[in-house]
Every structure is written in C-alpha cells, then in structure tokens.
Amino acid sequence: MKTFWIAAICLALTASPALADDYPARPISMVVPYAPGGSTDGLARIVATAMGKNLGQTVVVENLGGGGTMIGNQRVVRSEPDGYTITFGNMGSLAIAPSLFPKSNFDPRRDMVGVGLVATVPMVLSVSKASGITTLGQLLERLRAKPNSVNFGNAGSGSTSHIAAVNFLYVTHTQAMQVPYRGAGPAIADLMAGTVDAVIDQTVTMIPLHTSGRVRALAVASQSRLQQFPDVPTFAEAGVPAFDLSVWNGIAAPAGTPPAVVARLEKALNAALDDPEVRKSLDGLAALPPAADQRGSAAFQALIARDVPRFKKLIDEAGVTVN
C-alpha cells in the first residue's frame, strides 16, 4: 500500500508540468461581459487575435452582456479553472461591480487571478448631433438650467461609462437621467440616432465616431489634447478639471487556475503587447499599453486590489444604487 501511494504522489507531481506543457490543446473562450461593438469588445478582439497566434489556438471572444457585467463575470467564475475560459474585462467588471452588486458575492480579489493589464484608455464625453450641443459649457448650462433634462446612455449599471457619468455629474454638481444598456455598442448606436443625448466612453469607440462626424466629442480626460483628434479639448481646458478618468482593461482567469497556465497566458499577452500591429492599433485608438513594471499577473492583481475599495468610496459618497 505504501508503495502505491508513493507511486501516486510521483505521478501527480510529474503530471502537472505535462498538463502545463500541453496547454492549450483546444480553443480558449475569452468572455467580454458587454455586448458587441463597445470599447472593451474592440480591444478584446485586437488582443485575442494576437494571443491566439502565440498560443497556437484560436481565442474566441464571447460577448455576455447584461446584469451589470455580472452575467459574464459569473460565467467565468463558475467555469473550470483550467485556462480555457478567461475574461477580458475592465475597471467596471473587475473593480466597480463588486460594490454595486453586493448580493452577487463576487469579489475579483478572491474569485479571479489576474493575467495582465492590456491598456489604459482616456474617457471621452460625446453628445448626439440631435442634441444641438457643441461645447461642454453648453452641456453644463443645460444641466444646470433644467436638472434631469439630459439623458446619459451607458453600457449598463456598474459599467465604466455608468460610473464615469456618475463621477462627471458628481464633480459638476448636476443631475441627469441615466439610461443603461447591455453594453457600450447599443448605447452608442442610440447616441448616433439621437435617442440619448450623451455618452461617456473610451477613446476606442469615440475617436472614430467623432472623426467620422457621427457624434460630437466635447472633452477628453487626458493631460493634453490627443493627436488622434486634436480639435477636442481636455476636460481641464473645457472647464471641468476635476474630471480625470481613464479606464484600464485587462485579462483575468478564474481563481485556482494553475500558475503554469496563468504564466502561459501572461506570456501570450506580453507577446501580443509587443506585436507591432497591436501597438499600431492601440496607438490609433489612444489606448496606452502598460509599462514594463505594470505588466504581468502580479501587477494586475495589485491594480484590482487597489481599485475595488477606491471605487467603493466613490459609489458610497455619490449614493449610487442600481436595481
């Protein structure tokens, strides 16, 4: 019997590296907790393609919007922690959602393991052409003259576009109607149609929409004007220096995923971030890739741990609640 257990232990010890060496042996599902067409979805597709080349397997983007990102989050958390189901999330799904949906019992610090930061992206406040608003000053005048007369579309309760709008209204001491969607894509579609007046979202979606004339960007949350659309002032230039919000985006896996598998995913992500085509795509969207000391699993896990309480403070102070 003793010989049997010794043999079993030896087998287990030798099996783990073999499993890691075999990973990945089939396609990987990358869950984006938002509908197609938004900023996070766009970044995910750029990175998924590049990671797939390095991994030798297809990385399939799976959009699961709704529930304030909790539908997608729960899909990942409840999956087998084997590296075949991961999430491409952002500040909304991985730092804000836990405080807005406490009944979900979701805590990314416990339930997820970071793979790595992908990009940090400035937020842009844009309005529909139908609104007739052409400057941030005009928007503020309307908000102050008639509270709740302006509709802000967002990617869903707890999304970065939702919290960005909350933050903007909080620092400007104004009120507006929040209209949640199942992702940034549907919200922006209604912004172009004039159904909602304003959306605050990442440069990833707003740069092409502004430059093509489909919406009007009023201000960008960057230290200086962006070369990608130099006609758009910063929030400080436009009169609201207190609004300074950029969104981080990154990849995580379920807690319990073997360290060797996380390391393999981390390696593939680093290869993607070093890919000239990926760098070109990110630069065109004003998405800033992480510096060397911001890369990797440990750094991303620390970023999540820092921002969960940071956004809880904002949510509590602003009195944000969701149904």
*From CG (Asn90) to CD1 (Ile96), nearest 0.5 Å*: 7.5 Å
*Spell out, yes or no, whether Phe229 and Val247 are grouped together once hydrophobic residues are joined by side-chain heavy atoms under 4.5 Å, including indirect joins.*
no
*Parallel, tilted or perpendicular: which fits the ring planes of Phe168 and Phe152, with parallel below 30° and perpendicular above 60°?*
tilted
*Begin from the C-alpha positions of His162 and Ile200 and carry the test side chain to side chain contact (heavy atoms under 4.5 Å, CB included) through to its verdict.*
CA-CA 8 Å; His162 172 215; Ile200 304 180; over 6 Å; no
*Shortest non-hydrogen contact from Thr160 toward Tyr34*: N-OH, 4.4 Å
*Step by step, work out the side chain to side chain contact (heavy atoms under 4.5 Å, CB included) result for Val150 and Met177.*
CA-CA 6 Å; Val150 175; Met177 296 295 293; over 6 Å; no
*Between Asp275 and Arg279, does a salt bridge (charged side-chain N to carboxylate O under 4.0 Å, His left out) hold up when you go through it step by step?*
CA-CA 6 Å; Asp275 186 316; Arg279 302 286 289 208; over 6 Å; no
_Less than 4.5 Å apart, side chain to side chain, heavy atoms only: is that true for Lys146 and Arg142?_
no
_Where Asp293 and Ala299 come nearest, the two heavy atoms and their spacing_ = O-CB, 3.9 Å
*Would you confirm whether Lys129, through its side chain, and Gly213, through its main-chain N or O, come within 3.5 Å as a donor-acceptor pair?*
yes
*Considering all heavy atoms, the nearest Ile46-Ser281 contact*: CD1-CB, 3.9 Å
*Check whether the side chains of Tyr181 and Asp190 place a donor and an acceptor atom closer than 3.5 Å, and report yes or no.*
yes
*State, to 0.1 Å, how close Leu94 and Ile304 come at their nearest heavy-atom pair, and which atoms those are.*
O-CG2, 3.4 Å
*Between atom CD of Gln301 and atom CG of Leu117, what is the distance when rounded to the nearest 0.5 Å?*
12.5 Å
*Heavy-atom distance under 4.5 Å between the side chains of Leu218 and Ile133, does that happen here?*
yes
*Considering all heavy atoms, the nearest Gly284-Gln228 contact*: O-CG, 3.5 Å
*Please answer: with hydrophobic residues joined when any side-chain heavy atoms are less than 4.5 Å apart, are Val220 and Leu125 in the same cluster?*
no
_Could you see if Leu265 belongs to whatever hydrophobic cluster contains Leu273? Use Ile, Leu, Val, Met, Phe, Trp, Tyr and a side-chain cutoff under 4.5 Å._
yes
*Sub-3.5 Å donor-acceptor pair from the side chain of Ser131 to the main-chain atoms of Val127, do we have one?*
no
*Would you find a donor on one side and an acceptor on the other, under 3.5 Å apart, between the side chain of Thr234 and the backbone of Arg225?*
no
*Spatial distance of atom CZ (Arg214) from atom CG (Leu191) [nearest 0.5 Å]*: 11.0 Å
_Is any side-chain heavy atom of Val199 closer than 4.5 Å to one of Ser126?_
no
_Working for salt bridge (charged side-chain N to carboxylate O under 4.0 Å, His left out), residues Arg295 and Asp274_ = CA-CA 12 Å; Arg295 288 194 184 193; Asp274 291 334; 2.8 Å; yes
*asked:* Any heavy-atom pair between the side chains of Met70 and Asn73 that's under 4.5 Å?
replied: yes
*asked:* Does Ile28 form a side chain to side chain contact (heavy atoms under 4.5 Å, CB included) with Leu55? I'd like the steps, not just the answer.
replied: CA-CA 10 Å; Ile28 296 167; Leu55 291 165; 3.7 Å; yes
*Can you establish whether the number of heavy atoms outside Glu317 located under 6.0 Å from its atom CD is more than 12?*
yes
*Test side chain to side chain donor-acceptor pair (under 3.5 Å) on Ser161 and Asp201 and set out the steps.*
CA-CA 5 Å; Ser161 55; Asp201 199 46; 4.6 Å; no
_Checking side-chain polar atoms at under 3.5 Å, does Gln202 have a donor or acceptor matched by the opposite partner on Asn249?_
yes
*To the nearest 0.5 angstrom, please state how far the OG atom of Ser39 sits from the CE atom of Met206.*
7.0 Å
*If you round to the nearest 0.5 Å, how far is CG of Leu139 from CG of Leu143?*
4.5 Å
*Does Val204 share a hydrophobic cluster with Leu209, counting links as ILVMFWY side-chain heavy atoms below 4.5 Å and allowing steps through other members?*
no
_Show, in sequence, the C-alpha distance, side-chain angles and deciding distance for Val240 and Leu140, and conclude whether the side chain to side chain contact (heavy atoms under 4.5 Å, CB included) test is met._
CA-CA 10 Å; Val240 187; Leu140 290 172; 3.9 Å; yes
_Between Asp41 and Arg45, is there a side-chain heavy-atom distance shorter than 4.5 Å?_
yes
*For Ala272, does its backbone N or O pair with a side-chain atom of Asn54 as donor and acceptor, under 3.5 Å?*
no
*For Ser297 and Glu266, run side chain to side chain donor-acceptor pair (under 3.5 Å): C-alpha distance rounded to whole Å, both residues' side-chain angles, the deciding distance at 0.1 Å, then the answer.*
CA-CA 7 Å; Ser297 175; Glu266 183 181 326; 4.7 Å; no
*Could you tell me whether the side chains of Thr134 and Gln138 share a donor-acceptor contact shorter than 3.5 Å?*
yes
*asked:* Checking Asp307 against Arg310 for the salt bridge (charged side-chain N to carboxylate O under 4.0 Å, His left out) test, could you report, in this order, the C-alpha distance in whole Å, the side-chain angles of both residues, the deciding distance, and whether it holds?
replied: CA-CA 5 Å; Asp307 275 3; Arg310 182 165 78 96; 2.8 Å; yes
*Please work out whether the ring planes of Trp248 and Phe300 are parallel, tilted or perpendicular, with thresholds of 30° and 60°.*
perpendicular
*Just by distance, do the side chain of Glu62 and the backbone of Ser29 share a donor-acceptor pair under 3.5 Å?*
no
*asked:* Within the 4.5 Å heavy-atom criterion, are Val124 and His210 side-chain neighbours or not?
replied: no
*Under a 4.5 Å cut-off applied to non-hydrogen side-chain atoms, are Pro108 and Val308 in contact?*
yes
*For the student: nearest non-hydrogen atoms of Met51 and Ile251, plus distance*: SD-CD1, 3.6 Å
*asked:* How long is the straight-line distance from CG of Leu282 back to OG1 of Thr203, given to the nearest 0.5 Å?
replied: 10.0 Å
*For Arg264, does its backbone N or O pair with a side-chain atom of Tyr23 as donor and acceptor, under 3.5 Å?*
no
_Side chains of Ser246 and Thr120: any donor to acceptor distance under 3.5 Å?_
no
_Leu288 with Leu245, same ILVMFWY side-chain cluster at under 4.5 Å_ = no
*asked:* Checking the side chain of Gln74 only, and the main-chain atoms of Ile71 only, is there a donor and an acceptor separated by less than 3.5 Å?
replied: no
*CZ (Arg306) with more than 12 external heavy atoms under 6.0 Å*: yes
*Do Asp111 side-chain atoms and Asp107 backbone N/O form a donor-acceptor pair below 3.5 Å?*
yes
*Answer whether the closest heavy-atom distance between the side chains of Thr87 and Met112 falls below 4.5 Å.*
yes
